[in-house]
Amino acid sequence: MVVLGTGIGIAWYTLRGWLSGDLQVFRWISRETVAADWIFTSSAIVTLLGSAAGMLAINPGWLQQPWLQMAIALTGAVFLLWLPVVFLQYRLRLHAHEASEREIHRAMKIWCTLGAIAFPLMIAIVYLMVVKPGI
């Protein structure tokens, strides 16, 4: 839930900064989102992995549950989508300071596409973790 929440918060402010059309606002937002991603999202991922390791140390048999296998696969997919997003946020920060609106627009389109793919996957992970359906 923390990974989902930080992702939504960072996405909201990045998107709002871009849509404002104010380069000064976008410069500030792009600096802050890079920092927020490292401080909040990265620490949430480390905590997620630690709690998962603890859960499996208690009962390794849980890995046989189809819902958990699916949640792990989806988490891996989200992580693979997040890595280029971090790279894009660094590019956005750079382009915002160079006033390269064409490059900002291009990077934001890719950033939004990756987010649009990752968001439903995150919702599916939360669903699997809460409901634990018999898949």
Side-chain angles (χ1 to χ4, degrees):
M1 290 306 297
V2 175
V3 174
L4 178 61
T6 58
I8 290 171
I10 290 168
W12 171 259
Y13 284 104
T14 301
L15 189 58
R16 295 290 295 157
W18 178 46
L19 293 175
S20 76
D22 185 333
L23 192 55
Q24 204 65 9
V25 168
F26 191 70
R27 281 184 183 134
W28 182 79
I29 293 284
S30 65
R31 274 194 320 269
E32 293 300 311
T33 55
V34 167
D37 226 1
W38 284 114
I39 294 166
F40 301 111
T41 307
S42 297
S43 63
I45 290 170
V46 169
T47 303
L48 172 71
L49 294 174
S51 65
M55 180 181 83
L56 293 175
I58 292 169
N59 186 349
W62 285 338
L63 267 177
Q64 303 307 314
Q65 299 294 321
W67 65 268
L68 185 56
Q69 294 169 353
M70 179 65 77
I72 291 168
L74 291 175
T75 301
V78 169
F79 180 73
L80 292 175
L81 291 166
W82 176 69
L83 288 177
V85 165
V86 172
F87 175 73
L88 284 168
Q89 287 175 183
Y90 275 99
R91 284 185 51 202
L92 287 166
R93 184 178 67 178
L94 175 69
H95 294 313
H97 290 285
E98 295 174 347
S100 178
E101 291 184 39
R102 185 172 154 255
E103 287 299 320
I104 291 170
H105 184 73
R106 183 174 174 271
M108 281 301 296
K109 283 175 63 175
I110 297 167
W111 186 86
C112 287
T113 300
L114 292 170
I117 296 167
F119 183 71
L121 298 179
M122 291 294 295
I123 297 300
I125 293 166
V126 170
Y127 171 80
L128 289 168
M129 297 302 284
V130 171
V131 176
K132 298 170 184 57
I135 299 174

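- Two different hydrophobic clusters hold Ile39 and Ile10 under the rule that ILVMFWY side chains link at heavy-atom gaps under 4.5 Å.
- Residue Arg91 holds its CZ atom at 10.5 Å from CD of Glu98, rounded to the nearest 0.5 Å.
- When all heavy atoms of Gly17 and Ile29 are compared, the pair lying nearest together is CA-CG1, 4.1 Å.
- Under the 4.5 Å side-chain heavy-atom criterion for grouping Ile, Leu, Val, Met, Phe, Trp and Tyr, Val78 is connected to Val130 within one hydrophobic cluster.
- Of all heavy-atom pairs spanning Thr75 and Ala71, the tightest one is OG1-O, 2.7 Å.
- Between the side chain of Gln69 and the main chain of Leu63, a donor-acceptor pair closer than 3.5 Å is present.
- Using a 4.5 Å heavy-atom cutoff, the side chains of Lys109 and His105 are in contact.
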I'd like to know whether Trp38 forms a side chain to side chain contact (heavy atoms under 4.5 Å, CB included) with Val86, so could you lay out the CA-CA distance, the side-chain angles of the two residues, the decisive distance to 0.1 Å, and finally the verdict. CA-CA 9 Å; Trp38 284 114; Val86 172; 3.8 Å; yes

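- Nearest heavy-atom pair across Ala107 and Leu92 is CB-CD2, 3.6 Å.
- Side-chain heavy atoms closer than 4.5 Å link hydrophobic residues (I, L, V, M, F, W, Y) into clusters, and following such links, even through other members, never connects Phe40 to Trp82.
- To the nearest 0.5 Å, atoms OG (Ser51) and CG (Leu56) are separated by 9.5 Å.
- Leu49 contributes atom CG, which lies 8.0 Å from atom CZ of Phe79 (distance to the nearest 0.5 angstrom).
- Side-chain contact check for Leu4 versus Phe119: some heavy-atom pair is nearer than 4.5 Å.
- Within the 4.5 Å cutoff, the side chain of Ile8 has no heavy atoms near those of the Met122 side chain.
- Leu88 is listed as a side-chain neighbour of Ile110, based on a closest heavy-atom distance under 4.5 Å.
- Atom CG of residue Leu114 and atom CG of residue Leu83 lie 10.5 Å apart, to the nearest 0.5 angstrom.
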Decide yes or no on side chain to side chain contact (heavy atoms under 4.5 Å, CB included) for Val131 and Trp67, but give the supporting numbers first. CA-CA 9 Å; Val131 176; Trp67 65 268; over 6 Å; no

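- What you find for Ala116 and Pro120 is that their closest heavy atoms are O-CD, 3.0 Å.
- Within a 6.0 Å radius of OH in Tyr90, more than 12 heavy atoms belonging to other residues, nucleotides or ligands are found.
- For Met55, the CE atom counts as densely surrounded, since its 6.0 Å shell holds more than 12 non-hydrogen atoms of other residues, nucleotides or ligands.
- By the criterion of side-chain heavy atoms lying less than 4.5 angstrom apart, applied directly or through intervening Ile, Leu, Val, Met, Phe, Trp or Tyr residues, Leu15 is grouped together with Ile104 in one hydrophobic cluster.
- Thr33 OG1 to Tyr13 OH: the interatomic distance, rounded to the nearest 0.5 Å, is 12.5 Å.
- Residues forming a salt bridge (charged side-chain N to carboxylate O under 4.0 Å, His left out) with Arg93 (at least two apart in sequence, or on another chain): none.
- Atoms CH2 and CG, on Trp18 and Leu23 in that order, are 13.5 Å from each other to the nearest 0.5 Å.
- You'll find the side chain of Pro133 reaches within 4.5 Å of the side chain of Leu128, heavy atoms only.
- Phe26 and Phe87 are not part of a single hydrophobic cluster, where members link through side-chain heavy atoms under 4.5 Å apart.
- In terms of modelled atom types and a separation under 3.5 Å, the side chain of Thr14 and the main chain of Ala11 share no donor-acceptor contact.
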CA sep, side-chain torsions, deciding dist, call: Val85, Thr41, side chain to side chain contact (heavy atoms under 4.5 Å, CB included): CA-CA 12 Å; Val85 165; Thr41 307; over 6 Å; no

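- Judged by distance alone, the side chain of Thr6 and the main-chain N or O of Val3 form a donor-acceptor pair under 3.5 Å.
- Residues Leu121 and Leu81 form a side-chain contact, since some pair of their non-hydrogen atoms from C-beta on lies under 4.5 Å apart.
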Is there a side chain to side chain contact (heavy atoms under 4.5 Å, CB included) between His97 and Arg31 once you walk through the steps? CA-CA 10 Å; His97 290 285; Arg31 274 194 320 269; 3.3 Å; yes

